[in-house]
Amino acid sequence: MIDEGKWQKAWMEARIFEPAVIPGKKKFMVTVPWPYTNGSLHVGHGRTYTTGDIVARYKRMRGFNVLYPMGFHQSGTPIHAFSDKIARGDPGTVETYRAYVSQYVEGEKINEILESFKKPENIASYFSKATVNDFTSLGFSIDWRFKFTSAEPAYGDFVQWQFRRLNSRDYIKQGSYPILYSMDDENAVGEDDIADGDIDKVSVEEFTAVKFKGESYSIVAASVRPETIFGITNLWVNMEAPYVLCLMDDEKIVVSKASAEKLRRQHINFSILDDVDPKSLIEERFKVPVTGDEIMVYHSSFVDPDNGTGIVYSVPGHSIWDYVAIKESGIDLHMKKVISFPDKQYSVENLTNARGITSISDTEKLSAATQDLYKYEFYQGRMMDNCGSLSGMSVPEAREKIKGELLESGDAFIFYETSRKAQTRSGSKVIVAVLRDQWFIDYSNPEWKKESHSLVDRMLFVPAFYKENMHETVEWIRERPCARRRGIGTKLPFDDRWVIESLSDSTIYTSVYPVIDNLRKIREIRGKIDDQVLDFIFLGADMPPEYDDVRSISEKARNDLLYWYGCDLRVTSIPHLSNHLVFYIMNHVAVLPKRFEPGGLMILGLVVSRGAKIGKSKGNAVNLLQVTKKYSADVYRLYVATVSDINSQIDWNEEDLQTVIRGYESIISFLERYRKDDSLPGHIETWFESKFYSTLEKFIQDMDSYSVRSAYVRIIFDVMNDLRRVERRGGSVNVALGLVLKEWLISLSAVIPHACEEYWHRYISDTFVSIQVLSPGKDRIDGILLESEAYVDSVTEDIREILNVIRKKPSSIIIETCDESARNLMKLADENRLSEIPQELKRYIPEFMKIRRTLRIMNFDEYTVLEENQEFFSRIFDCKVQIRKGMLGRSNKNSWPGRPAIHVET
RNA sequence: GCGGAGGUUGCCGAGCCAGGUUAAAGGCGACAGACUCAAGAUCUGUUUCCGUAGGGUUUCGCCGGUUCAAAUCCGGCCCUCCGCACCA
C-alpha cells in the first residue's frame with residue numbers, strides 16, 4: 001500500500017506546484033469551477049477537479065510552466081437557506097450536515113460545529129477548509145497561494161469594478177420581471193427552497209388575462225390560448241369558491257380571491273375592494289372583446305379558483321373540458337369552430353368519444369386529451385374565416401397577434417402563474433410575483449453577441465461539437481437578472497439594496513487568481529481598491545500620481561497577470577454551458593482586453609451513481625473523501641481517467657470500480673517486482689522498447705487533443721500487455737522495463753502521481769516525478785522490429801486457426817517461407833505487369849489472385865525472423881517446429897510473401 | 001417544439017469526420033485450460049453461424065439511395081438522452 005499522504009506532504013513542503021513567473025517560459029493556466037461551499041463533495045464533483053489536475057500535471061510533463069489555482073464560491077442563497085434550516089432544527093438538514101462533519105471530526109466536537117452552522121458564514125468557511133483538505137487528499141497539484149473566495153472584500157472590489165464597466169457599456173438594465181415567490185415569507189424563492197423543486201421543476205407561465213365587460217365591472221378570464229377568443233360561447237365560474245371585486249388601475253374587475261392575492265404581487269395599482277357573491281356573476285351578461293358578443297356565466301365544478309383567475313372562458317369547439325362541461329350540465333349552446341386542421345380525429349367530439357370521457361371528473365383522461373389537442377392544434381391548426389383579422393393565420397402567428405392587440409387596447413393584461421402547484425419546504429404557497437426594479441445584465445446587445453461569437457470561434461472546445469452549441473447559446477441568451485434581495489455576496493455598486501447574484505459575480509473571477517495577493521495588499525494600504533488601480537492592472541490604463549503608494553504593488557500585479565492570464569483551459573461540465581460558460585465568454589469580451597481572452601473549454605459529461613442522477617434525496621451520493629480513504633486517491637483518479645470518455649456519462653458503480661482497482665494493482669505489481677537489471681537487451685526487450693516509444697507517441701497525440709481516456713488506456717494497458725508478451729516470449733521484464741521506466745513513470749504520473757512518486761524515488765532518483773519533463777524518443781522506435789513482431793503474431797494466429805479446425809494435437813509443425821519467384825510474381829502483379837510473369841510461374845496466378853489481399857512483402861527476411869522464434873513456436877504449440885525455405889510448386893501448399901505455408905502433422 | 005448528442009455484436013463501449021486492411025479495439029460476463037488441497041486472484045485460449053487446413057457466412061435502429069465496395073457517405077422514418085434560464 002502506498003502512503004499517499006507522505007507524498008502529498010512532500011509536494012507541499014517542496015512547494016513544487018507554486019510556479020514562479022519566468023518570462024519567456026511557455027505557461028499554461030488551467031482552471032475548474034470553484035466549488036460552492038455548502039457541504040462536502042461527492043464522487044460526481046470530483047470528476048471535473050480531477051480532470052483539471054490530470055491536465056495540469058500532463059502540461060507540466062510537457063514542459064509548460066503550469067498554474068492550477070483554486071478558490072471557493074460562497075455567494076448566493078443556498079448557504080443561507082441551509083443555515084436557516086439548521087437554526088430551525090430541520091431534522092433532514094441537521095442529519096446531512098452531521099454526516100458531512102463527522103468525516104472530519106468525532107464526538108462532541110460535531111455538535112459544536114453544527115451549532116456554529118447557525119451562522120451562514122461558518123458553513124462557508126468550514127467547508128472551504130474541509131475542501132482544501134479533500135483536494136489535498138486527492139493529490140491535486142493546486143497552487144494554494146492564490147486561494148480566495150467570492151465573499152471576500154478584495155474580490156468584492158473587483159466585482160464592483162466589473163459591474164461599473166458593464167454599466168459604462170450600457171449592459172446593465174433595470175425592469176420588471178416575474179419570479180417565483182413565497183407568499184408567507186414575502187420573498188423570492190429558488191429551486192432549493194421549493195419542495196421537490198429539484199425533481200419536479202417549477203417554472204413561470206404567461207397567461208393572457210382577458211377582460212369581459214359587464215354592467216359595473218369586468219370579469220377576467222386568463223388563457224394560454226388567446227386566439228380562441230373567436231370561439232367563446234360562455235364563461236365558467238365555481239360557485240363554491242370565493243370571488244372578490246378589485247381595483248386595478250382605476251378599473252373594477254372580478255377574479256377569485258386566490259387569484260387576487262397573486263395579482264396584488266404582480267401589479268402596482270391593485271387593491272381588493274369587496275367580496276362578490278358568485279350568484280350575482282351568473283345573473284349578469286358580459287361582452288367578449290373584439291367580437292362584441294354578449295355571453296352568460298355558468299357554474300362548473302371543474303373551475304379551480306387557485307388556477308389562473310378562477311374564471312374560465314369557454315371554447316367548447318376547441319377545449320375538451322368546456323365541451324364535456326357543457327354536455328354534462330345540459331346547457332343548450334351553439335358550438336363555434338374557429339380553428340381548422342387536417343386530421344378529424346383531433347376534433348373535441350372525436351377525442352372525447354375515442355378516449356371514453358364522460359364526465360368532468362375524469363380529470364386524468366381530460367388532461368391527457370387536452371394536452372394532445374393543444375399540441376396538435378398549435379402545430380397543425382389554421383384560423384378559420386370567422387376570425388376577423390386572424391383569419392387564415394397559423395395558430396402560433398394568430399396567438400402572438402391577438403395577444404398584442406388585446407394588450408394594446410387594454411382588453412387584456414399579462415397574468416403569471418406557476419407551471420404547477422408548489423410550496424416551499426416550510427409549507428408556504430409559491431406563486432409568481434413581479435419585481436418592478438429587477439436589475440439585469442442585458443446580453444441581447446447585438447454588438448456584444450457579435451464579438452462573443454468571434455471569440456467562440458477562436459476558442460478551443462473539447463469535444464468540438466460544443467462550439468456549435470455555444471454559438472447557439474450566445475444567440476439565445478437575453479436579459480439575465482443579476483442581483484437579488486438577499487444572500488451572501490457583493491453589493492451592487494449603484495444600488496446597495498441589492499446583492500449581486502451568485503453566478504453573475506463569478507463570470508471572470510479566473511482573472512483574479514494571479515493577482516489576488518497583491519489586491520489584498522493594496523486594499524490593506526488604501527482601505528479599498530479604486531477603479532483607477534483596477535483599470536491599471538487589468539486594462540493597462542495610466543494610474544494617477546495619487547496612487548503612488550500602491551504603484552509598485554500594482555505593477556507587480558500587472559506583470560503577473562500579463563504572464564499568467566488568459567486561462568488556457570477551463571475544465572467544466574455540461575450543466576454550465578447555458579449559464580456560467582456563456583457568461584464567462586461574454587463577460588471576458590465586455591470587460592477585459594483581448595489579450596486576456598480564454599483559450600479553451602473542456603466540457604465533461606455527467607456523473608451518475610448506480611444508474612441514477614446523484615441526489616441527496618436518492619441516497620446515492622457517494623462521498624469523495626470516503627472513496628479516497630477506502631480505496632486511494634490514485635484509484636479514484638484512475639477511475640476518472642479511464643472509465644469513460646470525457647464527453648460521456650460516468651456511472652459510478654462498484655463493478656467498474658473493481659475493474660479499475662484490478663488494473664491499478666497490476667501496475668503496482670509490475671512496478672513492485674521490478675529489479676534493476678542492466679543486462680544487454682535481447683530481441684524481445686528491444687522490441688518492447690520500440691513498442692513503448694511508439695505507444696508513448698500516440699499517448700502524447702491523444703493527450704494533446706485531450707483524449708484522456710484513450711491516452712491512458714494505451715499507456716497503461718497496452719504497455720502492460722507488451723510486458724506480458726516479453727514474459728511470454730521468454731524475455732526479461734526487468735531489462736525491458738528498465739529501458740523505459742523513467743518515461744513510463746512520468747507519463748503515468750498525471751493519473752497515479754502517488755504511486756509514480758513512490759517508485760520514482762525507489763528506482764530513479766530523489767527528485768519529484770511530478771515535475772519531470774517527458775522525452776518522447778522517436779529515434780528509439782524501430783519500425784521493422786515492430787513489423788516483424790506483428791508478423792510472428794499473424795503466423796501464430798494462422799497456426800492456431802488451423803489447429804482449431806483440425807481439433808487434433810500436432811506432433812510437428814513445418815513453416816515454409818516463400819522463395820524469390822513468389823516474391824517476384826507478387827511484385828509484377830502489384831505493378832500490373834502480369835504478362836511479364838515467366839511462363840513456368842503462370843500456373844500459380846489463380847491461387848495468388850485468390851489470396852492476394854492477405855499478402856504483403858515484408859521489409860525484413862521472413863526466414864530469419866521465424867528462425868529466431870522457432871523455440872517460441874515450439875513452446876506455445878508444445879511440439880516440434882521446423883522453419884524451412886519453401887519453393888513454389890514443391891508441395892501441395894505454396895508459400896507467399898507474408899504468408900508462409902504451414903504444414904501440421906498429427 | 002427549439003437546440004445538441006446518440007441508437008454497434010450477451011452487456012458496457014470504441015470505430016463513423018478522411019468508405020475497402022472490420023466479425024468490428026478494449027472492458028465486463030460466459031465457457032475451456034494452466035496454477036492451487038480448494039476458492040479467489042492471475043495467466044492462456046474461445047465467445048455470429050458453418051468448417052478435419054489459415055476459408056466461408058450473416059450482422060452495426062428501420063427503409064431506401066450513391067458506389068466496384070458502406071457500421072462508415074446521402075435522403076426519409078422510428079426511438080433514447082441532455083439543455084431550454086435567473087438556479088448553484
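In what follows, every chain begins at residue 1, and chains take the letters A, B, ... in the order their sequences are listed.
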Under 3.5 Å for both donor-acceptor distances, Watson-Crick or wobble: does [N] have a partner, and if so which one?
{"N": "U66(B)", "value": "none"}
{"N": "C2(B)", "value": "G83(B)"}
{"N": "G40(B)", "value": "none"}
{"N": "A14(B)", "value": "none"}
{"N": "G54(B)", "value": "none"}
{"N": "A30(B)", "value": "U46(B)"}

Separation of atom [atom1] in [X] from atom [atom2] in [N], rounded to whole Å:
{"X": "Asp718(A)", "N": "A14(B)", "atom1": "CG", "atom2": "C1'", "result": "13 Å"}
{"X": "Ile661(A)", "N": "A41(B)", "atom1": "CD1", "atom2": "P", "result": "13 Å"}
{"X": "Phe877(A)", "N": "A53(B)", "atom1": "CZ", "atom2": "C1'", "result": "13 Å"}
{"X": "Phe583(A)", "N": "A88(B)", "atom1": "CZ", "atom2": "P", "result": "11 Å"}
{"X": "Arg714(A)", "N": "G15(B)", "atom1": "CZ", "atom2": "P", "result": "11 Å"}
{"X": "Glu787(A)", "N": "U21(B)", "atom1": "CD", "atom2": "C1'", "result": "14 Å"}
{"X": "Glu801(A)", "N": "G56(B)", "atom1": "CD", "atom2": "P", "result": "10 Å"}
{"X": "Glu475(A)", "N": "G4(B)", "atom1": "CD", "atom2": "P", "result": "13 Å"}

For G54(B), does the base pair up with any side-chain atom of Asp798(A) as donor and acceptor (N or O, under 3.5 Å, distance only)? yes

Once hydrogens and angles are ignored, does a donor-acceptor distance under 3.5 Å link the base of A88(B) to the side chain of Asn38(A)? no

Show, in sequence, the C-alpha distance, side-chain angles and deciding distance for Ser578(A) and Thr473(A), and conclude whether the side-chain contact (heavy atoms from CB on, under 4.5 Å) test is met. CA-CA 6 Å; Ser578(A) 62; Thr473(A) 308; 4.1 Å; yes

Check: [X] ring centroid to [Y] ring centroid under 6.0 Å:
{"X": "Tyr712(A)", "Y": "Phe717(A)", "result": "no"}
{"X": "Phe583(A)", "Y": "Tyr443(A)", "result": "yes"}
{"X": "Tyr631(A)", "Y": "Tyr639(A)", "result": "no"}

Assess the residue pair Arg725(A) and Asp793(A) against the criterion (side-chain contact (heavy atoms from CB on, under 4.5 Å)); give the C-alpha distance rounded to whole Å, side-chain angles, the decisive distance to 0.1 Å, and a yes or no. CA-CA 11 Å; Arg725(A) 171 189 281 260; Asp793(A) 264 0; 2.4 Å; yes

For [X], answer base if it contacts any base atom (sugar-phosphate contacts may also be present), sugar-phosphate if it contacts only those atoms, and nothing otherwise; contact means non-hydrogen atoms under 4.0 Å.
{"X": "His580(A)", "value": "nothing"}
{"X": "Glu468(A)", "value": "nothing"}
{"X": "Pro900(A)", "value": "base"}
{"X": "Leu503(A)", "value": "base"}
{"X": "Val713(A)", "value": "nothing"}
{"X": "Ala483(A)", "value": "nothing"}

Without hydrogens or angle criteria, can the side chains of His580(A) and Thr572(A) be said to hold a donor-acceptor pair below 3.5 Å? no

Regarding Arg478(A) and Ser444(A), do their side chains bring together a donor and an acceptor under 3.5 Å, going by distance alone? no

What pairs of donor and acceptor atoms, side-chain ones from residues 657-668 of chain A against any protein atom, are under 3.5 angstrom apart with sequence neighbours left out?
| from | atom 1 | to | atom 2 | distance (Å) |
| --- | --- | --- | --- | --- |
| Thr659(A) | OG1 | Glu655(A) | O | 3.1 |
| Ser666(A) | OG | Arg662(A) | O | 3.0 |

In whole angstrom, give me the gap between the [atom1] atoms of [N] and [M].
{"N": "A18(B)", "M": "G13(B)", "atom1": "C1'", "answer": "23 Å"}
{"N": "A71(B)", "M": "U58(B)", "atom1": "P", "answer": "12 Å"}
{"N": "U59(B)", "M": "G54(B)", "atom1": "C1'", "answer": "23 Å"}
{"N": "A39(B)", "M": "U22(B)", "atom1": "C1'", "answer": "40 Å"}
{"N": "C16(B)", "M": "C73(B)", "atom1": "C1'", "answer": "10 Å"}
{"N": "G20(B)", "M": "A70(B)", "atom1": "P", "answer": "11 Å"}
{"N": "G61(B)", "M": "C81(B)", "atom1": "C1'", "answer": "15 Å"}
{"N": "U67(B)", "M": "U57(B)", "atom1": "P", "answer": "24 Å"}

Would you tabulate the side-chain donor-acceptor contacts of residues 432-439 of chain A under 3.5 Å, counting partners in other chains and residues two or more places apart, or write 'none'?
| from | atom 1 | to | atom 2 | distance (Å) |
| --- | --- | --- | --- | --- |
| Arg436(A) | NH2 | Gln266(A) | O | 3.0 |
| Gln438(A) | NE2 | Ala483(A) | O | 3.0 |
| Trp439(A) | NE1 | Asp495(A) | OD2 | 3.2 |

Can you figure out which of [options] approaches the side chain of [X] most closely?
{"X": "Asn469(A)", "options": "C87(B), G54(B), G4(B)", "answer": "G4(B)"}
{"X": "Asn579(A)", "options": "G54(B), C87(B), A14(B)", "answer": "C87(B)"}
{"X": "Ile574(A)", "options": "C82(B), A88(B), G13(B)", "answer": "C82(B)"}
{"X": "Phe465(A)", "options": "G54(B), A88(B), A5(B)", "answer": "A5(B)"}
{"X": "Ile902(A)", "options": "G54(B), C86(B), A14(B)", "answer": "G54(B)"}
{"X": "Trp476(A)", "options": "C86(B), A53(B), C84(B)", "answer": "C84(B)"}
{"X": "Thr659(A)", "options": "G3(B), C28(B), A88(B)", "answer": "C28(B)"}

With respect to the phosphate group of G27(B), does any side-chain polar atom (N or O) of Arg709(A) fall under 4.0 Å of OP1 or OP2? no

Please determine whether side-chain contact (heavy atoms from CB on, under 4.5 Å) holds for the pair Ile814(A) and Glu905(A), giving the CA-CA distance in whole Å, both sets of side-chain angles, and the decisive distance to 0.1 Å. CA-CA 8 Å; Ile814(A) 300 163; Glu905(A) 280 156 23; 3.5 Å; yes

So if I apply the ring-ring contact (aromatic ring centres under 6.0 Å, His included) rule between Trp34(A) and each of Phe72(A), Tyr509(A), Tyr49(A), which one comes out positive? Tyr509(A)

Given RNA chain B, 5'-ward residue of the pair Ile179(A) and Ser648(A), judged by closest heavy atom: Ser648(A)

Pick the nucleotide of RNA chain B nearest each of Phe717(A) and Arg899(A); which residue has the one closer to the 5' end? Phe717(A)

Reading nucleotides 42-50 of chain B from 5' to 3' and marking B where a protein heavy atom lies under 4.0 Å of the base, S where only the sugar-phosphate is that close, and - otherwise, the string is SSSS-----

